[in-house]
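Some notes on the structure that comes next.
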4 protein chains.
Amino acid sequence: MQKNPQPGRPRSEKARTAILDAVRETLLASGYSGLTMEAVASRAGVSKATIYRWWPTRGALALEAAGGQIAIGTVPATDDPLADVESAIDQLIETFSRPLASVVIFAAIATGADDPEMAARFRAEYVYPWRVTAAEAIRRATGGEDDEAVQFLLDVIVGTVFQRTLVLKEPNTADLKWRLMALIFR
Amino acid sequence: MQKNPQPGRPRSEKARTAILDAVRETLLASGYSGLTMEAVASRAGVSKATIYRWWPTRGALALEAAGGQIAIGTVPATDDPLADVESAIDQLIETFSRPLASVVIFAAIATGADDPEMAARFRAEYVYPWRVTAAEAIRRATGGEDDEAVQFLLDVIVGTVFQRTLVLKEPNTADLKWRLMALIFR
Amino acid sequence: MQKNPQPGRPRSEKARTAILDAVRETLLASGYSGLTMEAVASRAGVSKATIYRWWPTRGALALEAAGGQIAIGTVPATDDPLADVESAIDQLIETFSRPLASVVIFAAIATGADDPEMAARFRAEYVYPWRVTAAEAIRRATGGEDDEAVQFLLDVIVGTVFQRTLVLKEPNTADLKWRLMALIFR
Amino acid sequence: MQKNPQPGRPRSEKARTAILDAVRETLLASGYSGLTMEAVASRAGVSKATIYRWWPTRGALALEAAGGQIAIGTVPATDDPLADVESAIDQLIETFSRPLASVVIFAAIATGADDPEMAARFRAEYVYPWRVTAAEAIRRATGGEDDEAVQFLLDVIVGTVFQRTLVLKEPNTADLKWRLMALIFR
DNA sequence: ACTTAAGCGAGACGGTACGTCTCGTCTTAAC
DNA sequence: GTTAAGACGAGACGTACCGTCTCGCTTAAGT
């Protein structure tokens, strides 16, 4: 027999969905710089106040709207550690190739300059899970490197893939995985 | 006996200097997002029209103002190729550690999403010279790898250093060079 | 049981009043040429957008702000038609002597060169009512002149009073009415 | 072997003419509000500084450029004083009908609000000569009215013609003269 | 059924910055 | 010394978004 946990009109799921859809459409159509609150409100048929009631900044909005697209998948632990590392690299490349990824990841990194909190949240929510499981795979594949060495290899992988796919927009990702594997494991 | 090469009042070197100084001060004080044309004009004691007369966008302004800070130095070719590669990595780390570098490089990358031309100019002017000479050093140090392999190694170096120093803001850069050297040459 | 007749936040009467007051103060202090949107906004403690939301041009703003000062009063129809014509002339002289009248009437006439619509609105709203009732008074006082003759006499009255009080800024208006009465009625 | 009476390059008559022509063209094409110094300079193929060297304001410029069009002709003194008054009214109507007159006279009056000096110069140079000779004609035609009465009649004439032709833009000026004559001389 | 309280749309509000325009002044080299 | 060219500081233009606010109206749960 619980108390009314929240009196009043409940949050409109319809508005929430319309807003997040509008954010995705706007990001794809106009990029992060075109993601204005007014544009989102207008496209979603929603009042600006409703957006601000639930998301403090457009960064938070973009992050939540694109969440499903930018979360890097975790790496399973099979009994073939090399295959697991391969799989970690695949996850990374695949995520970075998604339509919204480039837009939102750039924004997250660039906004990080002004707003470290958002950058931290981005990493914690969307990168960290992959990082932990990928680290485990590398540790096993390399036969027990110390943590610093593993973290370094993760940075090599992330940095290189980021550079190739997002900064240089190199479309050919086929040999990227093999080159990285060869580099790391002799 | 040449004709007047440029009629009219010549460009004021004083205004130019004041503007570029104001840009640097503003970038350091308020970041790229605080770099408004009005702020620069006001700090430089200059009219907005004068800024727009010479720079079309704040991106161009930031690039020119920070130019000296973000140009990665080229790599000399000595008869110790390994030392040359070390030197290339040093140049990169040292450039990325300069006060303005983080701000402007993030901006260049983020703006690149909207304005590929600026990203291209950034690379051509400030990165490419280093890249060419660093590639040559790697080629010699590795005993004549093919170009694709060399480019890949450059991306590994740039990506890793970018990731470590700018994205993760890892202050400890001491072992970064040695880890990269060890990774590449065995 | 009516529906919400106007959705959204209602117009701020405070802002409206502050703007119109600021317009009047600015007109008196700096004339029509000093009536900039920025000056009004600043003096009224209001954003420029709020002004533009409700008035399309500074002309419309001046007209509305000064409306009460430049509307020429209508002429009552008593059973002494000569007294009514006198009263019509008095109204005119009195209106033209008000503090804002000179500034705004000049502006309305001068702007009329570029923007006939504003001149038309000025006449329709602030002059026409007087003109109709004054015409009726003249008609009765002259014993039924045809309309063209009456309109001509109105132009004589308006033109002469305008010339004397506003163009020549002749302060002595005492004999103006009597001279006009004498001219028109022998 | 005379001394150089004025050292240096003499004033370019060509530039002067080009400027005044450009002023007239601009006034006709864009009205007084379109008469910007930049527009005149550009149309005349002349530098702005050259304009400012010789005319202090655009008002002075307009007045000089349009001078020939807005000077009201003087009234001859024949032995038919009534005909002379008629002639005075004709001069007025004819002047007010010239292409540039409306534009410049409005400007002179409107600018008069800010800059009384210009209004005074306008009257002294372009209206006063007519006014003196017209006053003389009226004095003779009315058999020696006192000066105040004559000045009043002049204001009636000027005011009425201004009102009809310039403010109301009434194109039919045929009966205007006769109505004024009838009003003044019974 | 009635009350209460939050959610919602619409849209006005004070601000800030935008990029453009014209002003009147200035600085140069050519004439 | 005057000219054309054109850069300059100043400051208003009208527009776009910002984040906040004030309305009247839903929409449900608790009475």
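Order of the sequence lines fixes the chain letters, A, B, ..., with proteins taken first and strands second; residue numbering starts at 1 for each chain. Worth knowing before you read on, the calculation uses all heavy atoms, side chains too, and leaves out hydrogens, waters and symmetry mates.
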Is the shortest heavy-atom distance from the side chain of Leu61(A) to the side chain of Ile19(A) under 4.5 Å?
yes
Using atom CZ of Arg43(B) as one end and atom C1' of dG9(F) as the other, report the distance to the nearest whole Å.
19 Å
Check whether more than 12 heavy atoms from other residues, nucleotides or ligands sit under 6.0 Å from atom CD of Glu125(B), and answer yes or no.
yes
Do Val46(A) and Val40(A) have side-chain heavy atoms sitting under 4.5 Å apart?
no
Any donor-acceptor N/O pair, Arg43(B) side chain to Asp21(B) backbone, under 3.5 Å:
no
Could you state the atom-to-atom distance from CZ of Arg11(A) to C1' of dT26(F) in whole Å?
17 Å
Quick one: does Tyr126(C)'s side chain have a donor or acceptor within less than 3.5 Å of a partner on Leu63(C)'s backbone?
yes
For a 4.5 angstrom cut-off between non-hydrogen side-chain atoms, does Leu27(B) reach Tyr32(B)?
yes
Cationic tip of Arg16(C) within the cone over Trp54(C)'s six-membered ring, i.e. under 6.0 Å and within 45° of the normal?
no
Are the side chain of Arg58(C) and the backbone N or O of Met37(C) linked by a donor-acceptor pair below 3.5 Å?
no
In numerical order, the residues of residues 45-62 of chain D whose heavy atoms come under 4.0 Å of DNA chain F are Gly45(D), Val46(D), Ser47(D), Thr50(D), Arg53(D), Trp54(D)
Just how large is the angle between the end axes of the helix from dA1(E)-dT31(F) to dC31(E)-dG1(F), five pairs per end, to 10 degrees?
10°
With nearest nucleotide decided by heavy atoms, which residue, Ser12(C) or Met37(B), maps closer to the 5′ end of DNA chain E?
Ser12(C)
Separation of atom CD in Glu38(B) from atom P in dG15(E), rounded to whole Å
16 Å
Nearest-angstrom distance from the residue atom NZ of Lys14(B) to C1' of dT27(E)
13 Å
Rounded interatomic separation in angstrom, taking CD1 from Ile19(A) and C1' from dG7(E):
11 Å
Testing dC8(E), dC18(F), dG9(F) for proximity to the side chain of Arg9(A), the answer is dC8(E)
